[in-house]
Amino acid sequence: ATGAHSLEYGYIGEHIRSLRVVSADGDIVDLDREGKEPWAADVWDLLKDNRQLLAQAKPKCRRNGSGYNVYPILASDGGNLAELMAGAEGTLAIVTQARLGLVDVPAVKGLLQVNFDSLGKMARAVPLILEHKPSACELMDGGLLSLAREAYSQYRHILPDGVAASLLVEMTGNSSGEVAEKLRQLRLMVEGLPAEKGCIGTHEIIESDEQAKVWEARKAAVPLLFRNKSASQTGAGVEGMAGDPARRAG
């Protein structure tokens, strides 16, 4: 699991400190990040002989939802079984208790809506936006925006109309001045991009209440895709795919 702020905080697995799990044969086992439990040696023996093959198959992007989370085990030379369980969805063991690490809540947040007249331009702009280290960079495409504007009148004033794509880019910092400067630098960059990756407008959202409404609007809009009863109704498929942002649309 990741979420909208995975750019800042990564996977949930990275924040697991220990787990209590029930194995397939009914044993109750405590797992931590040190790899001291009996399973650790067996898992390491299973993986180490295929280390080179696994390294070649590793996706070249930070977000990876493919298969079991074996790479932290390889990185720790045999430990990290607790992190292996994250994303296994109960197929390796059933988690009954979890101890998690916490992160500090940012003192100040700010949003920049960046609007585009094509998905291709948006895709080409994303790697440059990521260079500014946002804590979130979320997309609402034109179809989703239209559905949300029609269904939720309370969000119409914050959802752009007539655009092909709108990115919600969040910046955080320790003070209002720091966040304002980050937003200013980001806005200057995106507004100065060449035509093939250029935006058609930006909008800063500073007030926390307005930011919350934008995130609420996006969360409320996604289920609308599955309520469309037309012939082109969206069907369930593969969700949460990831790719290298550098391999953007041509």
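- Scanning for ring pair (Phe, Tyr, Trp, His ring centres under 6.0 Å) contacts around Tyr9 gives an empty result, with sequence neighbours left out.
- Residue pairs that meet the ring pair (Phe, Tyr, Trp, His ring centres under 6.0 Å) test with at least one member in residues 200-220, sequence neighbours left out, are His5-Trp215.
- Applying the side chain to side chain donor-acceptor pair (under 3.5 Å) criterion to Glu196, with sequence neighbours excluded, gives no partner residue.
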Using side-chain contact (heavy atoms from CB on, under 4.5 Å), reason through Met189 and Leu186 one step at a time and then give a plain yes or no. CA-CA 5 Å; Met189 187 277 292; Leu186 177 62; 4.1 Å; yes
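- Looking only at side-chain heavy atoms (C-beta outward), Val169 and Val114 come within less than 4.5 Å of each other.
- A distance of 11.5 Å separates CD1 in Ile16 from CG in Leu81, rounded to the nearest 0.5 Å.
- A salt bridge is defined here as a Lys NZ or Arg NE, NH1 or NH2 lying under 4.0 Å from an Asp or Glu carboxylate O, and Asp117 with Lys121 meets this definition.
- Taking each heavy atom of Gly198 and Leu193 in turn, the nearest pair found is CA-CB, 4.0 Å.
- With a 4.5 Å cut-off on side-chain heavy atoms, Asp27 and Val22 do not count as touching.
- Proximity of Leu167 to Glu138: side-chain heavy atoms (C-beta onward) are nowhere separated by under 4.5 Å.
- Leu46 and Val29 fall into different hydrophobic clusters, where Ile, Leu, Val, Met, Phe, Trp and Tyr are joined by side-chain heavy atoms under 4.5 Å apart, directly or via other members.
- Put simply, CD on Gln211 and CG on Leu111 are 4.5 Å apart, with the number rounded to the nearest 0.5 Å.
- Formation of a donor-acceptor pair under 3.5 Å by the Asn50 side chain with backbone atoms of Leu53 is not found in this model.
- Between the side chains of Ser166 and Gln113, not a single donor N or O lies within less than 3.5 Å of an accepting N or O.
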Given the rule in the side-chain contact (heavy atoms from CB on, under 4.5 Å) test, do Lys133 and Leu7 qualify, once you have shown the distances and angles that lead to the verdict? CA-CA 8 Å; Lys133 306 298 183 184; Leu7 292 174; over 6 Å; no
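- Under a cut-off of 6.0 angstrom, the local environment of CG in Leu130 is crowded, with over 12 non-hydrogen atoms contributed by other residues, nucleotides or ligands.
- Remark: Ile206 CD1 to Leu183 CG distance equals 5.0 Å, nearest 0.5 Å.
- Side-chain contact check for Trp44 versus Leu74: some heavy-atom pair is nearer than 4.5 Å.
- In this structure, the side chain of Ser135 does not engage the main chain of Glu8 through any donor-acceptor pair within 3.5 Å.
- Lys197 places no side-chain N or O within donor-acceptor distance of the main-chain N or O of Met122, the cut-off being under 3.5 Å.
- Counting heavy atoms from C-beta outward, Pro72 and Leu84 have side chains that stay 4.5 Å or more apart.
- When every heavy atom of Asn69 is checked against every heavy atom of Ala86, the shortest pair comes out as CB-O, 4.2 Å.
- Evaluation of the salt bridge (Lys or Arg N to Asp or Glu O under 4.0 Å) rule for Glu191 yields no partner, not counting sequence neighbours.
- When every heavy atom of Val214 is checked against every heavy atom of Ile158, the shortest pair comes out as N-CD1, 3.6 Å.
- Contact record, Ala164 with Leu119: O-CD2, 3.9 Å, taken as the closest heavy-atom pair.
- Shown here is Asp25, whose CG atom has more than 12 heavy atoms of other residues, nucleotides or ligands within 6.0 Å.
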Kindly indicate, with the supporting measurements, whether the criterion side-chain contact (heavy atoms from CB on, under 4.5 Å) is fulfilled by His157 and Glu210. CA-CA 10 Å; His157 69 291; Glu210 288 296 287; 3.5 Å; yes
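- Using a 4.5 Å heavy-atom cutoff, the side chains of Val108 and Glu178 are not in contact.
- Residues passing the salt bridge (Lys or Arg N to Asp or Glu O under 4.0 Å) test with Glu181, sequence neighbours excluded: Arg184.
- Atom CG of Asn115 is separated from atom CG of Asp161 by 10.5 Å, given to the nearest 0.5 angstrom.
- Criterion: ILVMFWY side-chain heavy atoms under 4.5 Å apart, direct or through other members. Under it, Leu100 and Val103 are not part of a common hydrophobic cluster.
- Considering CZ of Arg218 and OH of Tyr155, their distance stands at 13.5 Å, rounded to 0.5 Å.
- Closest non-hydrogen pair, Asp49 versus Asp45, comes out as OD2-O, 4.2 Å.
- Side-chain contact between Arg187 and Glu204: present, with at least one pair of heavy atoms (C-beta onward) separated by less than 4.5 Å.
- Counting all heavy atoms, side chain and backbone alike, Gly13 lies closest to Glu83 at O-CG, 3.4 Å.
- Here Glu216 does not pair with Lys219 in a salt bridge; the nearest charged N to carboxylate O distance is not below 4.0 Å.
- No path of Ile, Leu, Val, Met, Phe, Trp and Tyr side chains, each step under 4.5 Å between heavy atoms, connects Leu19 with Ile28, placing them in separate hydrophobic clusters.
- Residue Asn174 qualifies as open at atom CG: its count of foreign heavy atoms under 6.0 Å is 12 or below.
- Geometric assessment of Lys58 against the ring of Tyr71 yields a positive cation-pi assignment under the 6.0 Å and 45° thresholds.
- Inter-residue side-chain proximity for Leu168 and Cys137 is flagged as unmet; no heavy-atom pair is nearer than 4.5 Å.
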Would you tabulate the side-chain donor-acceptor contacts of residues 87-97 under 3.5 Å, counting partners in other chains and residues two or more places apart, or write 'none'?
| residue | atom | partner | partner atom | Å |
| --- | --- | --- | --- | --- |
| Thr91 | OG1 | Tyr68 | OH | 2.8 |
| Thr91 | OG1 | Ala88 | O | 2.7 |
| Thr96 | OG1 | Arg20 | O | 3.1 |

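- The structure places OG of Ser23 at 10.0 Å from CG of Leu31, a figure rounded to the nearest 0.5 Å.
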